[in-house]
Every structure is written in C-alpha cells, then in structure tokens.
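The figures that follow rest on heavy atoms only: side chains count, while hydrogens, waters and symmetry mates do not. Letters go in sequence order (proteins before strands), and every chain restarts at 1.
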Amino acid sequence: MSKTSSTRGGINRRTALAGTASLIAAPWISSTARAQAKPVNIGVIMPLSGANAQFGINSRNGIELVADEINAAGGIRSLGGAKINLIVADSTSTPTTAGTVAQRMISQNEVTAILGAFASSLTIAISEVTERRDIPLLTMSFADQITGRGYKNIFQVVAKASALGKAQLDYTVAIAQAAGTKIDKIAIMYEDTAYGTAQAEGLRAAAKAANIQLVMDDAYPLGITDTTPLINKLRASGAQAVFPVSYLNDSLLLIRTMRQQRITIPAIGGAAGYVIPDFEKGLGEFAEGVLSIAPANYDLDTSLTDRFRKRFGYFMVHEALEHAVALDVLVQAIEKAKSAKAEDVTLALRGAKFTGGWTNAMTGGAVQFDNTGLNVASIPVMVQWRKKELVTVWPKDVAKGAAEWKF
Amino acid sequence: MKRWIPIAVIVLAAAAVPLLLNPTGYWIRVFTFTLLFAAMAQAWNLIGGLANQLSLGHAAFFGIGAYTSTILLLKFGISPWLGMFAGGALGGVAALIIAIPTMRLQGHYFALATLAFGEVARVIANVWTSLTGGPVGLSVPFVPPGFAAYSFKQLLPHAYIALIALIIVTAIFEVIRRGAMGYRLRAIRENAAAAEVIGIDTTKVKLQTAVISGVLIAMLGTLYAQVAVFFDPDTVFNAMSISIRVALIAIIGGVGTAIGPILGALFIVPVEELMNDLFSAGAAGLSQLIFGVILIVVILWRPRGLVTVIEALRTWLRGKGAQS
C-alpha cells in the first residue's frame with residue numbers, strides 16, 4: 001500500500017515537474033519552431049549573361065524586391081513564417097543550359113516552383129523539364145506556345161504575343177482615329193526570334209482584319225548592325241506608321257536611323273527594347289513620343305512600383321513588375337495551399353483568381369489563370385515616352401495621360 | 001593484348017558512373033551531355049585533328065541531324081532511330097556540298113568559310129518556317145516510352161546511348177587514324193605538295209574525311225535532340241555553343257588524339273556547369289567570366305592539350321619504375 005502510494009507520489013512529482021518545465025519552455029519552443037520553419041526554395045532562372053542580360057537582371061531585381069519584402073513582413077504565415085529562399089542561376093542564352101539549370105534546381109535545391117526566364121525559347125526549354133517533374137513554372141515570356149501545348153504546370157502571367165501584336169495594331173488605329181487620322185498603310189519590321197515572329201503574326205492578323213495594307217513586312221536577324229537598307233525600304237513604302245518589334249540594340253539602331261533620316265512617322269514598338277530606361281538613355285530626344293505596346297506599365301500603381309525605383313534607382317520596367325506579380329501570386333498560392341509541395345501549389349494556382357498585393361499593378365487588377373495556365377485578366381497597354389518616363393495612354397479606362405499623335 | 005586492359009577499365013568505369021547517379025537528377029544530365037559533347041568533338045577531330053582543317057561550321061551538320069529526326073517524328077511518326085540515319089545521310093550530303101568548294105582553302109580561310117556556312121544554315125532554319133517551325137523551335141513530342149520509340153522517362157538510357165555513341169565514334173576515329181587513310185591524312189597535313197607527288201589524291205581524301213565527320217555529328221544531333229527535348233535554330237546551328245565549343249573541346253583536350261576530345265569534354269562540360277552552380281547567383285555574368293579565366297589558364301599551362309598531362313604522368317611513372 002505504502003509502496004504504491006510512494007510510487008504514485010513519485011510519478012506525480014515527475015509529471016508535475018515535467019509539466020512545469022514544458023510550460024516554461026513552451027513559448028521558447030514555439031518561437032524557435034517559427035524561426036526554424038523550413039525556408040521555401042524558389043528557383044529563379046534568368047539570362048544574366050549574353051544579349052538579354054539586362055532584361056534578366058531587371059527581372060531578378062523585381063523578384064528580389066518582393067522576396068525581401070515578404071521575408072521582412074514575417075515570411076509565409078500558413079507555413080509558420082517560413083522564409084522565401086531564392087535560388088538564382090544564369091540560364092545563359094542557350095535553351096539547353098536553361099533546361100539543365102532547371103534540372104539542377106529541382107533535384108539539388110528541391111525548389112517548390114521556378115520563375116523565369118524572360119526569353120521565350122529559354123522558358124520553353126525549362127518547361128520541358130518542369131512539366132516532366134511536375135514543378136510549377138511561372139513566366140512572363142510572351143510566346144503563344146508557352147501555354148499552347150496543354151502543359152499542366154506552366155503559368156503565363158501576361159497576355160500572349162499574338163494578343164500583344166493585335167493590341168499593338170488595334171490600339172494604334174484607335175489612337176490615330178481619336179486624333180483624326182485614318183490609318184490604311186503600315187510597315188512591320190521584326191527580329192527573327194520566337195518573340196519577334198509571334199508578335200508579327202498577331203500584327204499581321206489584326207491588320208488583315210482591319211483591312212489595313214501591309215506595305216512592308218520584313219524580318220531581320222537579331223543583332224543587325226546596319227539598318228539603313230530597312231529604313232530606305234520603309235521610306236519608299238509610304239507607310240503611315242511603323243511597327244518595329246525588337247530587343248534593345250536593334251531598337252536603338254532602328255529608331256536612330258529613322259529619325260536621322262528625318263522619317264517622322266509614328267513608331268509603335270513591340271515592348272522588350274522599347275520600354276526600358278536604356279532606350280531613352282541611348283536615344284535621348286529621339287525617344288520622345290515613341291509609342292510601344294507593353295504587357296504592363298509601372299504607372300498603373302506607383303505606390304507599389306516606387307518601391308522598386310527607390311531601391312534600384314530606375315523605374316520598374318515591365319519584366320520586373322510582372323516577375324514581382326508572379327512571385328506574389330506564387331506566395332499567395334503557397335499560403336492558400338498551406339504547403340510548399342510543388343503539386344499542392346500547382347493545384348492552388350490553377351483556375352484560381354488572385355487579387356491584392358502586386359496584382360494591383362496589372363491591368364484588370366487581378367491574376368486569374370485559365371486551364372492552359374494563361375492569365376486571362378491581363379490585357380496589354382499602350383505606353384508613350386514623355387520626358388524619360390513611360391505614360392500609359394491606352395486603353396482609355398486605365399490611361400494616365402492622353403496619347404500624342406503628331407509628328 | 002596488354003594495351004586493351006586500360007581501355008576496358010575506362011569503359012567499365014564510365015559504364016558504372018550512371019548507376020551511381022540519381023536517374024532523374026541533375027548530374028546524370030550533365031554526364032550525358034559530357035559524353036555527347038565528347039562524341040561530337042571526336043567527330044570534329046577527324047577533320048580538325050587528322051586532316052588539320054579547322055572547321056567552325058560543324059553546327060550546320062549537327063543541326064541538320066537534330067531537325068531531320070525530329071521533323072520525321074513530328075510529321076510522320078518515324079522513330080528517331082531511323083531518323084538518325086536519315087539525318088546522318090543528309091548531314092553527309094551537306095558536308096560534301098560544303099567541302100567541295102572549301103577544301104582547297106587552308107588555315108584561317110577554311111575556318112572562316114565554314115563559319116559562314118554554319119550561319120547560313122541557321123538563317124535557313126529560321127526562315128523556312130513551314131518545315132522547321134521557324135524561330136519558335138521544335139519540341140520533341142513525348143511518345144509512350146520504349147526503346148524502339150527512343151523514348152524514356154529517365155535519363156539513364158540516354159546516358160548509355162551517349163556512351164555507346166562515344167565508343168563507336170572513337171573506334172571509327174582510331175580505325176581511320178591507324179589505317180591507310182590516317183597515313184594519307186598525315187602526309188597531307190605535313191606537306192600537301194609532297195603528298196600529291198607520291199600519288200595521294202589529296203582532295204578525295206579530305207572530302208572522304210569531311211563526309212564521315214559530317215555524317216557522325218549529324219547522327220549525334222539526333223541524340224542531342226532526344227535528350228534536350230526542345231531546340232530552336234539558335235540552339236543547334238549556333239556557332240558559339242556548338243561549332244566553336246566542339247572545336248574548343250578537342251583543342252583543350254588534345255587535337256588529333258583519340259583521348260583528347262574525351263578529356264576535353266570531361267573538363268569543359270562539368271567545369272562550366274560547376275561555375276554556373278557556384279557563381280551565377282552573384283554578379284551577372286560572373287560564372288562565365290571565371291570559366292573563361294580557367295580556360296585561358298589551362299591553355300597557357302598545356303598549349304598542346306590536356307593529353308600532355310597524361311603523357312607527362314606516363315613518363316614520370318616510367319622514370320620511377322626505372323629508378324627502383
């Protein structure tokens with residue numbers, strides 16, 4: 001009897017002690033658990049060297065801004081404050097290398113998702129790897145076949161190249177009409193990359209639908225060094241407006257040659273090289289008034305994009321903005337899924353509508369992926385260079401200024 | 001008999017490597033590309049090493065191989081195994097067409113002419129959209145897995161196919177080097193006029209070599225397409241990432257030797273990957289800069305290729321043996 005009671009007493013004392021200890025330790029344990037919540041690895045594959053390096057760096061800046069802000073605000077709440085850990089790597093300009101980098105991130109860094117890779121060919125190469133390994137890939141590359149192949153793990157946050165090409169023409173016609181000009185002859189020049197040809201395709205289709213004559217329709221190789229023959233042809237064509245689609249160096253060369261030869265017809269660029277600070281830096285006064293289509297523009301919500309300008313010293317170019325949106329949406333999906341598992345995140349992304357945060361800076365103020373992974377909420381905008389800044393001038397409901405159509 | 005033992009050991013060791021790697025992982029992909037680039041450099045070595053004609057246009061044949069088998073698969077459902085031979089045949093024809101006017105050229109002139117042909121091939125592939133899909137590139141469709149269809153879920157079979165390809169190309173290289181053709185090529189390399197005098201049809205021998213080299217690298221183009229799954233004209237007809245890289249691998253390894261391209265690929269492909277892994281998160285372009293510096297150092301250290309390291313090791317070992 002006494003034996004039993006002493007045993008019982010011993011147990012009680014121990015239990016009590018352990019209980020007290022655990023009570024004292026509880027806040028400490030839970031706080032370390034929060035601090036040690038496993039970080040969520042997110043892969044960032046960008047062309048950080050080669051011809052597209054500047055776009056890759058811009059994109060990386062946008063992503064780092066959002067990641068740092070989320071981490072500073074306490075990380076991912078539904079995962080106990082898990083921090084975002086960006087794994088950044090250079091895709092170079094070779095698609096095969098981009099694919100290899102994706103493979104490395106999946107098997108060595110166990111990434112939850114991948115963001116990348118600006119150029120469409122790089123993105124497609126990465127998607128071939130992510131699709132086979134069921135890892136979500138979020139991109140702002142334009143090419144139509146990115147979401148046109150029926151892949152389950154790819155998400156395109158911007159309108160497709162064909163839609164951009166169509167908007168490039170339709171908006172221009174509308175702007176000219178508002179200024180009292182009817183357009184019936186245009187010229188197209190594009191670089192022979194995936195992006196250039198896809199967008200030219202959209203332009204061509206829209207021109208045909210609007211009964212506008214293509215008096216010039218020329219492809220030229222990326223990295224062209226002498227645009228004089230193209231410009232001579234443009235002069236002879238009698239076009240009322242020219243639609244050049246190209247990356248930076250070609251865009252500088254084309255516009256400079258045009259303006260130096262006193263060809264003053266409106267130029268409506270196809271995003272990429274036409275909507276980054278280097279365009280204005282390279283052209284100076286020649287940049288003023290140049291229009292361009294863009295999948296998004298920073299002046300749609302300056303309360304967000306000024307944070308980028310403050311940190312990096314230049315306006316938030318569209319690729320930075322769209323990648324910021326992509327990361328924001330991805331984190332929202334992880335919050336919703338309460339899991340950093342790739343398949344759970346894909347499920348949370350598909351078909352869902354995301355609002356708030358960085359999506360406010362997109363047209364439509366939201367991101368909604370359809371079954372192919374395309375963001376159906378996004379429509380392109382027309383922007384115009386005004387004193388070193390890009391002003392959204394069309395469509396009217398989102399415009400921040402009126403388009404100038406006089407040359 | 002004894003000289004076969006080290007070769008057998010190397011082959012067995014190479015065959016064991018893929019088994020140690022994660023079959024869906026990263027290093028097996030790097031290993032597969034290492035073997036493929038070794039085989040490509042070996043095919044280049046025929047013309048660049050034995051005939052001493054520095055071709056910078058091999059991407060043209062390589063791309064033809066990749067496109068032929070993939071287009072046949074996409075449009076007619078023909079297995080890439082067959083497409084590989086069709087690509088090889090077309091690659092050989094292209095090599096012949098290019099070689100006829102250029103083989104008379106020597107040194108820099110030959111290099112520049114072939115470089116131009118590679119670029120021409122890229123432009124054609126970009127423009128001929130109805131056939132090649134144009135600049136948007138081609139994705140190799142994923143067909144139900146099976147050996148006959150050349151479709152696998154994992155990279156392991158691809159690694160072994162690349163290894164077998166490397167062995168075959170190396171064997172062809174060795175047979176030619178040791179045979180009558182090898183002697184003729186060496187005679188031409190040393191002194192073309194003297195070779196003509198002793199009765200060698202120099203043009204014919206060079207053309208033969210160019211065609212064999214073109215056929216082999218075109219067939220390797222199919223293998224590359226099957227592993228990479230997606231490619232565009234810029235990927236396979238690229239002067240920098242194919243033509244020059246293949247020549248560089250052979251030159252770094254040791255031009256004109258059978259082991260040279262293998263050493264070169266074992267060095268260049270993994271080191272470039274490692275640099276990308278270690279440094280590309282830092283300053284943009286840093287990894288490529290460091291890789292370039294490493295290349296310069298290696299070239300300065302071993303101007304005649306990494307193969308000289310093996311030779312030096314061998315002499316050193318022999319010296320030790322003599323002492324004891």
Taking side chain as everything from C-beta outward and backbone as N, CA, C, O, which of these in Thr197(A) sits under 4.5 Å from a heavy atom of chain B? Side chain, backbone, both or neither. side chain
Mind listing the closest non-hydrogen atom pair of Ser241(B) and Thr94(A) along with its distance? CB-OG1, 4.2 Å
Looking only at heavy atoms and a cut-off of under 4.5 Å, which of Gly50(A), Ser107(A), Ala143(A) has the most pairs with chain B? Ser107(A)
Side chain, backbone, both or neither: which part of Val101(A) has an atom under 4.5 Å from a heavy atom of chain B? side chain
Which value, rounded to the nearest 0.5 Å, describes the distance between Phe142(B) atom CZ and Arg132(A) atom CZ? 6.0 Å
Answer key: most heavy-atom pairs under 4.5 Å with chain B among Ala89(A), Ala198(A), Gly56(A) is Ala89(A)
Could you measure the distance from the OG atom of Ser280(B) to the CE atom of Met46(A)? Nearest 0.5 Å is fine. 12.0 Å
Interatomic distance, CG@Asn238(B) vs OG@Ser93(A), rounded to 0.5 Å, equals 7.5 Å
Atom pair CD (Gln145(A)) and CZ (Phe230(B)), whose distance is rounded to the nearest 0.5 Å: 7.0 Å
Checking heavy atoms, do the side chain of Glu273(B), its backbone, both or neither come under 4.5 Å from chain A? both
Hey, which of Ala219(A), Pro47(A), Ala53(A), Gly99(A) has the most heavy atom pairs under 4.5 Å with chain B? Gly99(A)
Tell me, out of Arg104(A), Gln103(A), Glu128(A), who's got the most heavy-atom pairs with chain B below 4.5 Å. Arg104(A)
So, do Ser139(B) and Ile124(A) sit near enough that their side-chain heavy atoms are less than 4.5 Å apart? yes
Which bit of Phe33(B) comes within less than 4.5 Å of chain A, counting heavy atoms only: side chain, backbone, both or neither? side chain
Interatomic distance, CG@Asp234(B) vs CG@Asp192(A), rounded to 0.5 Å, equals 7.5 Å
Interface moiety of Asp277(B) toward chain A, non-hydrogen atoms closer than 4.5 Å: both
Distance-only donor-acceptor check, side chains Gln288(B) and Thr92(A), under 3.5 Å: no
Is it the case that the side chains of Asn276(B) and Asp90(A) hold a donor-acceptor pair, with the cut-off being a distance below 3.5 Å and no angle test? no
For the OG1 atom of Thr100(A) and the CH2 atom of Trp27(B), what is their distance to the nearest 0.5 Å? 10.5 Å
Taking every heavy atom of Tyr26(B) against every heavy atom of Gln108(A), the minimum-distance pair comes out as CD2-NE2, 3.5 Å
Heavy atoms only: give me the nearest Thr96(A)-Tyr224(B) pair and the separation to one decimal. OG1-OH, 2.8 Å
Between Val140(B) and chain A, which part of the residue has a heavy atom less than 4.5 Å away: side chain, backbone, both or neither? backbone
A side-chain contact here means heavy atoms from C-beta on lying under 4.5 Å apart; do Val129(A) and Arg29(B) qualify? yes
